[in-house]
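Okay, so here's the structure we're looking at.
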Amino acid sequence: MLIRDLPLDQRVIEILEGSGFRELYPPQAEAMPLALSGQNLVVSIPTASGKSLIAYCAILDQILKGGKALYIVPLRALAREKFDELAPFRRLGIKIGIATGDFDRKESHLGRNHIIICTSEKADSLLRHRTTWLSELKVVVADEVHLINDPSRGPTLEVTLTRFKALNPEAQIIALSATIKNAGELAEWLDANLVQSEWRPVELRKGVFDGSTVDFTDNKSIPLPQRPGIDSISFLVEDTIKQGGQALVFVNTRRSANALAKKVGGAIRPVISEKEREEAANLSNHVLNVEREKTSLGKSLADCVREGCAFHHAGLGSEQRRVVEQAFREGKIKCVVATPTLAAGMNLPARRVIVRDLWRYAALIGMAPIPRLEIHQMMGRAGRPHLDPYGEAVLVARHPEEKERIREEYLLGDVEPIHSKLGSESALRFHLLAAIASGFTRNRQELNHFIGSTFYSYQTEAYWLESQLDGITDFLLDNDFIVENEEQFKPTLFGVKTSELYIDPLSALKMKEAILSEKASRGEPLSFLHVIASTPDMRLLSLRRTDEWILEKLDEFSNFLLEKPEPETAEMDLFLPAFKTALLLEDWINEESEENITKRYGIGPGDIHAEVELAQWLLYALREIARLLYIGELMLPLTNLNIRIRNGCKAELLPLIQLEQIGRVRGRALYNAGFRTLNSLRKAPEESLARIPTIGKEIARTIKRQVTRVDHIQTGLKE
DNA sequence: CGTGCGTTTCTCTAGACAGCATGTC
DNA sequence: CTAGAGAAACGCACG
C-alpha cells in the first residue's frame, strides 16, 4: 500500500512523500485504515517499524477537520524528536507546541497549538490544573504505552489515559506499544482495535555467544577463534567494524561501561583507518571542551573517543551525551558501550548489538534477571534501516550451559505481559489526591467509579480495591489534604497546592513539618537543603564504605529543621543519605568545582545536574508551601536559596547575577575584580569592566546599560 | 629497593519525570 | 540479601 492511496489531505501526502515516505510497511498498512477511521487503536509492533507515522496521520487528519491533538511521550528528548518530525507540517498552518518540565516556552499559549507534545507527567499536570483546552482534544496518542508496567512512572500514564477517557469519551485514543504479550488486554481496556506484528524493516538475526561461537536462531553460527591479547567482546566489535558496521554494547553498570569502552578502544586499533583516527582525535578534543567544566570522567571519555569508541550513561553531562550520540550516528565513533540509557528512548541503531549482561543488581533482591521486554528493546536497536543489510543481536552467555536457556527464553520466548502498578500505596496516594483536588472525583462513589475504570481495576479483583481506597482517603483526610462534608469530598488549599506542585503528599507533609518547626526562622541553607533531600521526591545518594566524613559533618551541624534520629536506627539509614545529598547541594551553591564534587560523592557531572534540577523544583515547592502557611519570614531566604541553586553560586554573588548575561562565572569574575555591588558597577568605567576575563566589551556595555537604569531592576535582593 | 605482574580481597551496583518564569559561557 | 566485574591491595620474583 502506498502513502498516496491513503484517504488523507493531498498536502499531507505531499509533505510525507517529500520526506521520503512512499510505501507503507505491512503493519502500517494494516493499522492506517483503523487509525484514520477515528476509532481507538492499540498498535503493538517492534521499535523502528514506523509506529509514529500511524499516529501522525491520524492526528493530521483530525486536525485538518478542526481538532486538537495531544501526543504523550515518556522522555523529554522524545518530545523534541516528535516535534522535529512534525515540523514540516507547520507549512500547512498547523501549530505545534511542546510541554515538558524543562522546555522554555510560554505555557499560557500552549492551547493555541493544534498539536501539543508532552510527557506523561506533564499531561497529568495539565489535568491537575484543569487546563481548559484539554476538552477540545480529538486525538490522544500515548507512545510507549507498555510503560504502564513501570512501578514508578506507569501509574501516571495509566491515570492520565483513564481521565482523558472520562473527560472526553469522543476523543480517539491511539496507544503505541513495544511488542508485549497481553496487548489484547490493553486494547480491551481502551475499547480499541488491536494491530500486532513482529515485522521489522531490517532483518534481525539473533544469536547467543558463549565465548567460542555465536549461534544464531537460524542455525547459522560464527566461530570465533580464541586469539591471545583480545577479549571476546572486543573481537565481536572488531569483526563488525571490519565488515563496515558499528557496534552497540549493553552492560549493567556504569563502571563496566567505562572499563569495557577503554578495553574495546584499545583492541580495535588495527581496524581503524588513518583518516578515521584523525577524525576521532579531533572529536576527542571536542569532547574535552563541550562541558563547561572539565572532569576526570570527561577526560576518560575523550581518551576512549580517541580510539573510536565511547561509553554512554547518565553520569555523563548532557552535552557529552549529545556529542557521543551524534558522532555515533555520523559513524565517527565505531562502538558505544552503554548502560540501558540507550535501550529505550533515543533512536541510536547499530549493525551489531551485543548484550553482555542479562542480570542486574536490584536493591533488596540482589542480582535479578533483566526483563525480557528490556532485552528485546536493546536487541531492537540492531540494524539501521536503509544502511545495514541486516541487524545482528548477540546475547552473551556466562557459561556454555546457559546458552540453551538464553536461546529459549530471550530469543524464542515471549516477552512478559504488562501489569498495572497503580495498586501501590504511593501511587494511589499521589493520584487520588490529584483526582479529588482537581474536582474530578467529588465523593466516594465517583472515586470508586474512577478507579473502576483504570487498567489496574481491569486486571484486579474488584472486592480487593475498596478497602485499599479507604486507607488512602483516611490518610488524605487525617492529614488535611481533603475534608469530607455530607459525603462530599472537598480539597483543602494545602491539598490543591500539593497536587498542583506535583509533589508526593508525603513530601508536602515533610515540608510543612519543617516550615512549622520553631527553628525554621533560624534555618541555614543546609537546613533547607536537608529538608528537601528528606522528601521522597528527592533522589538520594547512597552511602559508601568511605563516607565516614559524613558522620563528622553530622556532628558539626545541628541546625536541622527535622528531628535527628538516634544513631544506628532505621530512621538514621534514611537521614544520612539525605544529609549527604544536602551536602552535595551545599557544595554546589558554594561554587565547589564539578571535579571535586564528582570525586567527593562518587557521581558524574550528569548526576550533579540531575540532583540540582530536582532541588530547584523542590525548593520552589518548599517556598510555595511556606507562602501558603503565611510564613513570610522564610520567603526571602528561600527565594535567595532558589537563585543560588539555579546558578550554583555563593550568597555574595546574588546582587550581581540578577543582571542579564551574568551567571556564576562572570559574576564570580566581577566579584573577584572588586565589583561586589550594583553600585560599584555603576561607578566603574566601562573600559575597566571590559578588561575583566570572561567579560569583554560587549558584556561590559550590557552591564552598564542595566545598572544605569537602576529603576528597572528588581531591588528585592540584598545588596 | 623499585618494578612488573599474577593473585586475592574489597567494593559497589540503571534510568529520569514533575513547578514556574526568564535568560548562561 | 541469590552475583560478579572492576579496582585496589597484596605478594612474590627479578633486576
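Letters A, B, ... are given to chains in the order of the sequence lines, protein chains preceding strands, and every chain is numbered from 1.
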Short side-chain N/O contact to dT24(B) OP1/OP2 from R664(A), under 4.0 Å: no
Sidechain N-carboxylate O distance under 4.0 Å for R292(A), E594(A): yes
Looking at F250(A), is R360(A) sitting on its ring face, NZ or CZ under 6.0 Å from the six-membered ring centre and within 45 degrees of the normal? no
Can a side chain N or O of K497(A) be found less than 4.0 Å away from OP1 or OP2 on dG19(B)? no
Please state the P separation for the pair dA3(C) and dA18(B) - nearest whole angstrom. 38 Å
At under 4.0 Å between heavy atoms, what does A314(A) touch on the DNA or RNA strands: base, sugar-phosphate, or nothing? sugar-phosphate
Under-4.0 Å salt bridge between K421(A) and D150(A): no
Against the side chain of Y502(A), the closest entry in dA5(C), dA18(B), dC25(B) is dA18(B)
Should dG23(B) form a Watson-Crick or G-U wobble pair with both distances under 3.5 Å, which nucleotide is its partner? none
Would you say R321(A) places a side-chain N or O within less than 4.0 Å of OP1 or OP2 belonging to dA16(B)? yes
Side-chain N or O of R292(A) closer than 4.0 Å to phosphate OP1/OP2 of dC25(B): no
When you check the phosphate oxygens OP1 and OP2 of dA16(B), does a side-chain N or O of H609(A) lie under 4.0 Å from one of them? no
Decide whether T702(A) and Q661(A) meet the rule of one side-chain donor and one side-chain acceptor closer than 3.5 Å. no
Return no unless some side-chain N or O of R666(A) is found under 4.0 Å from OP1 or OP2 of dT24(B). no
Can you check the distance between dA7(C) and dA14(B), where both ends of the measurement are the P atom (answer in whole Å)? 14 Å
R76(A) has an atom CZ; how far is it from atom P of dG15(B), in whole Å? 15 Å
R398(A) side chain: which of dG4(C), dA18(B), dT13(B) is closest? dG4(C)
Should S152(A) be listed as having a side-chain N or O under 4.0 Å from OP1 or OP2 of dC17(B)? no
Contact class for L501(A) (heavy atom, under 4.0 Å): base, sugar-phosphate, or nothing? sugar-phosphate
For nucleotides 6-8 of chain B, tabulate all protein N/O to nucleotide N/O atom pairs closer than 3.5 Å, reporting atom names and distance.
none

Which nucleotide wins on minimum distance to the side chain of R545(A), given the candidates dT11(B), dC20(B), dA18(B)? dT11(B)
How close or far is atom C1' of dG19(B) from atom CD1 of I625(A), stated in whole angstroms? 12 Å
How far does the P atom of dG6(C) sit from the matching atom of dG15(B), given to the nearest Å? 16 Å
G-U wobble or Watson-Crick pairing nucleotide for dA18(B) (cut-off 3.5 Å, both distances): none
Taking the side chain of K122(A) as heavy atoms from C-beta outward, which of dC25(B), dC12(B), dA18(B) is closest to it? dA18(B)
For residues D537(A) and S507(A), is any side-chain donor paired with an opposing acceptor at under 3.5 Å? yes
Could you label the plane-to-plane angle of the W588(A) and H609(A) rings as parallel, tilted or perpendicular, counting under 30° as parallel and over 60° as perpendicular? perpendicular
Tell me whether the side-chain N or O atoms of R255(A) pair up with the base of dA7(C) as donor and acceptor below 3.5 Å, since no angle test is needed here. no
Contact class for G663(A) vs. all strands (heavy atom < 4.0 Å): base, sugar-phosphate, or nothing? sugar-phosphate
Salt bridge present between E624(A) and R627(A) (N-O < 4.0 angstrom): yes
Does the distance from a Lys or Arg side-chain N to an Asp or Glu carboxylate O, for R644(A) and E652(A), drop under 4.0 Å? no
Within less than 4.0 Å of OP1 or OP2 of dA18(B), is there a side-chain N or O belonging to T119(A)? yes
Find the bend of the helix from dC1(B)-dG15(C) to dT13(B)-dA3(C) as the angle between its two terminal axes (five pairs each), to the nearest 10°. 10°
Return no unless some side-chain N or O of T253(A) is found under 4.0 Å from OP1 or OP2 of dC12(B). no
Output the single nucleotide from dA5(C), dC17(B), dA16(B) whose closest atom is nearest the side chain of S256(A). dA5(C)
Which nucleotide in dC17(B), dA5(C), dG19(B) has an atom nearest any side-chain atom of R153(A): dC17(B)
To the side chain of T339(A), which of dC20(B), dA14(B), dC12(B) is closest? dA14(B)
Do NZ/NE/NH1/NH2 and the carboxylate oxygens of R539(A) and E611(A) come within less than 4.0 Å? yes
Counting heavy atoms not belonging to L551(A), are there more than 12 under 6.0 Å from its CG? yes
Quick one: is R623(A) getting a side-chain N or O under 4.0 Å of the dC20(B) phosphate, OP1 or OP2? no
Nearest atoms (heavy-atom pairs only) where S120(A) meets T160(A): O-OG1, 3.9 Å
Assign each of R356(A) and I365(A) to its nearest nucleotide of DNA chain C by heavy atoms, then name whichever residue's nucleotide is nearer the 5' end. I365(A)
Below 4.0 angstrom from OP1 or OP2 of dG15(B), is there any side-chain N or O of R254(A)? yes
